[in-house]
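A short write-up of the structure that comes next.
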Amino acid sequence: MRAGLIIVGIILLVAGIWVVSGHASYQDTDTLLQVGSAKITATHDKGVPQWIGIAGIAVGALLALGGFMKKG
């Protein structure tokens with residue numbers, strides 16, 4: 001259990017840093033015009049909000065520290 005907390009914490013910490021540094025994005029597709037069965041769509045790359053990265057850093061740090069400090 002202790003090693004699992006440390007590993008998950010480090011993964012969340014690294015993922016949070018990756019998001020905060022601006023490298024995380026996802027694609028969003030919008031329908032611009034639809035006439036019958038024909039439609040025109042546009043795909044946009046959107047960045048993942050920084051608050052998600054900050055939350056990942058905080059939770060990851062707490063889990064990793066908890067795993068290191070846990071007795072047993």
Side-chain angles (χ1 to χ4, degrees):
M1 182 73 174
R2 181 178 166 178
L5 283 175
I6 295 170
I7 291 170
V8 170
I10 291 172
I11 289 171
L12 282 174
L13 189 65
V14 170
I17 292 170
W18 186 63
V19 169
V20 169
S21 66
H23 292 94
S25 65
Y26 63 96
Q27 291 185 342
D28 187 27
T29 303
D30 297 326
T31 301
L32 300 176
L33 176 68
Q34 183 170 1
V35 179
S37 63
K39 64 180 176 179
I40 298 173
T41 60
T43 303
H44 307 282
D45 286 334
K46 293 188 175 184
V48 176
Q50 280 195 337
W51 66 267
I52 293 176
I54 293 169
I57 291 170
V59 172
L62 288 174
L63 287 176
L65 287 174
F68 282 122
M69 300 181 86
K70 186 176 179 181
K71 295 179 181 179

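Predicted model, so just to flag it, every value in this text is computed and none were measured. Numbering starts at 1 and runs along the sequence shown.
Hydrophobic clustering keeps Met69 apart from Leu63 (ILVMFWY residues linked when any side-chain heavy atoms are closer than 4.5 Å, directly or through intermediates). The hydrophobic clustering, which links ILVMFWY residues whose side-chain heavy atoms are closer than 4.5 Å, places Leu5 and Val59 together. Residues Ile52 and Val8 fall into different hydrophobic clusters, defined by Ile, Leu, Val, Met, Phe, Trp and Tyr side chains chained together at heavy-atom separations under 4.5 Å.
Separating the CG atom in Leu62 from the CG atom in Leu13 is a distance of 10.5 Å, to the nearest 0.5 Å. One finds the CG atom of Leu65 at 9.5 Å from the CD1 atom of Ile6 (value rounded to the nearest 0.5 Å).
Listed here is the closest heavy atom pair of Val20 and Ile54: CG2-N, 3.8 Å. Of all heavy-atom pairs spanning Ala24 and Trp18, the tightest one is CB-CZ3, 3.6 Å. The minimum heavy-atom distance between Ile57 and Ile17, with the atom names listed, is CG1-N, 3.7 Å.
Evaluation of the side-chain hydrogen bond (donor to acceptor under 3.5 Å, both in side chains) rule for Asp30 yields no partner, not counting sequence neighbours.
Screening residues 31-40 for side chain to side chain donor-acceptor pair (under 3.5 Å) gives no qualifying pairs among residues at least two apart or on separate chains.
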